[in-house]
Structure formats: structure tokens, C-alpha cells
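Everything below concerns the one structure shown next.
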Amino acid sequence: MSDDLEARLRDRLRGAPLPAAPETLRDYLDHLPLDVQPSGPPRRQLRPRVLLGVAAIVVLGLGVGTVLVGAPPDVSPTAPPTAPVSVQPTAPRSPSTGVRRFEAPGISFDYPVDWIDQTSTVEFPRIPGVRFVVLLGRGMPVCPPRFGSTSKPTPEPGSCQEQALAPGSMVVSVLELTNPMPGTTGRGPKRKVAGYPAWEEQVSAEPANPTQLQWTIQAPDGSLYLVTAGFPRADLAARRTDIEKVLRSLRLSAWQAPPRHRQWACAPGFSRGFLIRLSGRVDGVLPARRIDDGPRRGDSGVTAGDTSVPNRFVSAIYDPTRRSCN
Amino acid sequence: MLAMAGRTVLSLEGALTNGGGTDTADAFLRLAGGELDRAYRLAGLILGDQHEAEDATQDALLRAWRAGSTLREPNGFRAWFDQILVNVCRDRLRRRGTVRLVAVDGALATRAAGDPFRTILDRDEVIRAMATLDDDLRIVIVLHYWADLTLEGVAERIGWPIGTVKSRLHRALSSMRSRLEAPMVAEVRR
């Protein structure tokens with residue numbers, strides 16, 4: 001079978017100046033998560049839940065889901081966990097090649113340069129105790145959310161997309177619960193992320209596509225950062241490693257949130273912390289007056305301030321011992 | 001940390017320790033590190049995209065660690081890892097067939113233009129002809145002529161019978177010949 005074509009093929013292919021593996025790949029190997037479970041039996045059972053509050057936040061039509069559970073109070077807002085060494089004041093490091101630094105009050109991390117920062121398109125509802133930190137798209141621009149309107153964007157070929165369905169695409173969002181109720185933890189196995197206490201969960205069950213992973217990370221000042229990544233289910237392993245790489249660069253620090261909006265000042269429990277539940281598509285800024293309506297809904301805790309409209313509602317779940325507005 | 005990986009660690013220890021108590025993870029990282037450039041280039045030639053090549057290599061590394069129990073001989077690490085990598089690449093190629101990534105803001109187009117693999121695949125008529133082959137035919141060519149594997153070695157990597165590899169190689173070369181000769185025929189007819 002050997003002929004001139006075969007010789008030329010050998011010659012051209014072997015003589016081609018192929019690039020060496022990029023540094024990011026070497027870095028990946030250096031930090032390969034060798035503590036991952038092998039595939040096989042389910043890795044855990046959900047522990048019994050004392051549902052003080054559930055934050056199922058669905059924003060932007062992206063299915064950014066959050067689930068928090070009350071847990072044995074291993075967290076105290078008055079005695080925040082010891083800050084990891086890495087968050088002691090140090091000169092900021094320059095981001096490595098191929099990554100861009102994201103910085104916002106209290107948080108910074110490095111992410112690949114080919115991810116698109118879409119935070120500016122987001123008009124997140126003003127919700128006490130919740131800060132929308134960042135929205136990133138990998139291989140796709142995310143359609144701007146239309147809060148205050150029930151109309152959906154109409155993606156055209158080549159335009160924005162609402163879900164990460166294409167291979168290689170991903171949507172990453174970061175929210176911060178600035179004042180969580182004492183004892184609130186994330187759901188899923190506890191672990192460390194960049195030295196901070198964290199919980200990791202695969203939010204969406206089989207066979208949902210796109211699927212979601214969520215990390216709940218506790219900052220030194222007691223706030224909780226919710227990092228949610230949505231991507232095609234088939235890309236689970238690759239996208240998990242992408243996010244893990246980003247999370248390793250995470251640096252959190254205490255920061256002073258601006259004063260709360262006056263309309264929310266009387267809302268019960270806010271001084272002690274609360275959880276927020278959003279469900280369905282969130283449209284518009286929450287009408288603050290409803291928050292003062294008093295307890296109307298209960299899980300294990302007490303919920304106040306439901307704002308129910310067709311297909312969407314918002315509620316705050318607060319500490320029942322502090323429900324007075326006095 | 002390694003204890004969490006359970007069975008995989010135990011099995012890897014069987015294959016990767018050299019009797020001197022070499023740490024399993026270190027052994028894996030050392031072997032994988034030695035294959036990194038080659039693996040990335042192989043993935044790049046198969047996929048024709050540097051970012052996909054990086055993703056595929058990452059995916060293969062993770063799968064390899066998790067599948068350590070299937071590695072029987074440390075000397076067979078390259079063949080074993082090649083198998084995993086080729087499978088990952090073929091998975092990605094299959095998905096390409098059903099869902100296409102839509103270039104959305106020009107960033108992807110810019111990225112493709114500067115892609116070293118795409119540049120190489122575009123610049124030479126022989127390699128260009130190879131790049132137009134069906135995915136499985138192209139993989140056979142890359143493994144046989146670039147990775148310098150015997151046909152048995154190619155069969156092992158892809159998991160096909162040797163007869164299938166031979167027939168696909170034959171088909172690939174015939175197709176390339178036709179493509180390379182076509183312009184000359186047109187020239188003569190003129």
C-alpha cells in the first residue's frame with residue numbers, strides 16, 4: 001500500500017510545527033482534582049433537611065438555581081470562620097496568561113479570556129441581602145434578561161442564547177447572600193474551595209439538559225457566594241474542571257455593603273439575616289410594601305412578604321424570632 | 001486526599017507503583033505530564049481546534065484518573081491514555097454532527113483564524129485533503145502516519161478489528177488520492 005501519498009503524508013504530518021500543550025493545560029494537570037470520586041455508586045445521600053429556607057433563584061431564564069438548607073449551626077455570624085491565609089492582605093497577583101481577573105467588592109477570581117462577561121446586561125431585581133455579582137458566558141452570549149416584562153427575547157441565528165445547550169457552552173453566575181441566617185449552609189457534600197468552606201451540588205437531576213452544578217462558598221465575613229454553572233450534560237466532566245480551575249483562584253474578603261433601601265428597613269428579620277426564595281421567572285423589582293404583610297407561608301421557618309403573580313413569586317424567609325417591625 | 005478515590009487508587013497502585021512505594025498520584029501525574037504535549041497535538045490534529053483540543057485533553061486526563069483501574073501495566077500508559085483521548089475526541093466529533101456552536105459575536109471567528117491547528121490543516125494540500133475526510137477515516141490517518149502506530153496499534157486505540165482499520169485506511173487513502181488528483185485532471189481537460 002506504500003506509495004508516494006503515504007510518504008508525503010508522513011512527511012507533512014510529522015514535519016508540521018504543532019504547538020506544545022498550553023500552560024493552562026499544564027496548570028490543569030498540576031491541579032487535577034485527584035480527590036474526585038470514581039464513577040460508580042452514588043456518592044452520597046441527601047441528609048435530612050431542616051428547611052429553614054429555600055432559595056430557588058431562577059433569573060434571566062437561565063435556571064440559575066440555588067438551594068440552601070438550614071443545618072446544625074456550625075456557622076456563626078458573630079464569629080465568622082477564620083479567614084484562610086490566602087485572603088490576608090497581600091499585593092494583588094497578576095493574572096496568569098490566558099485568564100482575565102474579575103474583581104468586585106469582596107471577591108476576585110481569574111477566568112479564561114474567551115469567556116464573555118455579560119454582567120452589564122443584567123438588571124437584577126433589588127433584593128435586600130442578595131447581590132448579583134457576575135454573569136459569564138463561555139462560547140455564547142447570554143440573552144439579556146427582561147425584568148418587568150413577560151416577553152422573552154427572540155434569539156435569532158447567531159444572536160444571544162438563553163441556555164447553554166451547544167457543546168462547549170456554559171453560563172456561570174455568581175450571587176452573594178450578604179446576610180444569611182445563622183446556620184445556613186449549602187446543600188451537598190462539604191469541601192473546601194480555595195481554602196473556604198464550601199458545598200457542591202449537582203442541582204439538576206438526570207436527564208435535565210443543560211445541567212447545573214452549584215457551589216455555595218462561605219466568605220470570611222459569613223456571607224455565602226453561590227456559584228452556578230449551567231452547561232450541556234454531556235460536557236459535565238470538562239466544564240466541572242473548567243470551573244474548578246476558576247474556583248482555585250477565588251479570593252474573598254469582608255466588604256461593607258451599601259445601606260439598605262429604606263423601603264426594606266422595616267422588613268422583619270433583616271437585621272438578623274434571611275433567605276430569599278424566588279421561583280419562576282422574576283420580573284420587576286419586588287414591591288417592598290408586601291414584605292411587611294407578616295408571616296403567611298411556612299416551611300420550617302416563617303415566610304413573609306410573598307409577592308405572588310402568575311408564574312412567579314418572591315418571598316423572604318426570615319428568623320421568626322425577629323419578625324417584628326418595631 | 002487519595003483515600004477519597006477509593007477503588008481507583010487501589011487499582012492504580014497495582015499498576016503504577018514500582019515496588020518502591022511510589023505515590024500513586026505522583027506516578028499518574030508524572031506519566032500524564034510526559035504525554036501532555038503529544039496528547040494535545042493528537043487531539044488538535046483530530047479536532048482541528050486548539051480550544052477543543054485543550055478541552056478534550058483535560059477531559060481525557062480526568063477520565064484517565066477516574067478509570068485508573070483499567071490500566072494494567074505502567075508501560076502501557078501511552079496506549080491506554082491514547083484510547084481514552086481518542087474516545088473523548090470521537091465523542092466530541094459526534095456531538096458536532098448534531099449541534100453546531102454558533103459564532104455569536106465575532107470572538108469565535110477571530111479565535112478560529114489564529115488557531116495553530118487550523119492553520120496547519122489549511123496550509124498544505126496533502127494535509128488539507130486529509131482534513132476533509134470523514135472523522136473516523138481522519139483518525140486512522142493521524143494515528144497511523146502522525147503517531148506512527150502500526151495498524152494493530154491503531155486498532156487497539158480505536159477499539160476496532162484490524163480488518164476494519166485496514167479497510168478504512170484504504171478508503172481514506174483512495175479518497176485523498178481522488179481529491180488530490182482532481183485539480184490535475186481538470187487542468188489536463190482544459
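Throughout, protein chains are lettered first and strands after them, A, B, ... in sequence-line order, and every chain is numbered starting at 1.
Residues of residues 34-42 of chain B placed with any heavy atom under 4.5 Å of a heavy atom in chain A are listed by number as Leu36(B), Asp37(B), Tyr40(B), Arg41(B).
Between chain A and the options Val142(B), Ile141(B), Asp55(B), Leu45(B), the largest number of non-hydrogen pairs under 4.5 Å is found for Asp55(B). Your options are Ala237(A), Ala238(A), Pro19(A), Pro22(A), and the one with the most heavy-atom pairs under 4.5 Å with chain B is Pro19(A).
Taking 4.0 Å as the cut-off between side-chain N and carboxylate O, Asp235(A) and Arg240(A) do not count as a salt-bridged pair. Using a 4.0 Å cut-off between charged side-chain N and carboxylate O, Arg168(B) and Asp136(B) make a salt bridge. Between Asp110(A) and Arg100(A), no side-chain nitrogen of the basic residue sits less than 4.0 Å from a carboxylate oxygen of the acidic one, so the salt-bridge criterion is not met. With salt bridges taken as basic N to acidic carboxylate O contacts below 4.0 Å, one links Arg191(A) and Glu244(A). Classification of Arg63(B) and Asp59(B) as a salt-bridged pair holds, one side-chain N sitting under 4.0 Å from a carboxylate O.
In this structure, chain B has heavy atoms under 4.5 Å from both the backbone and the side chain of Pro17(A).
For the side-chain contact (heavy atoms from CB on, under 4.5 Å) test with Phe102(A), the passing option among Asp117(A), Val246(A), Leu250(A), Val174(A) is Asp117(A); the others fail.
For the residue pair Thr132(B)/Arg179(B), the side-chain donor-acceptor check at 3.5 Å is satisfied.
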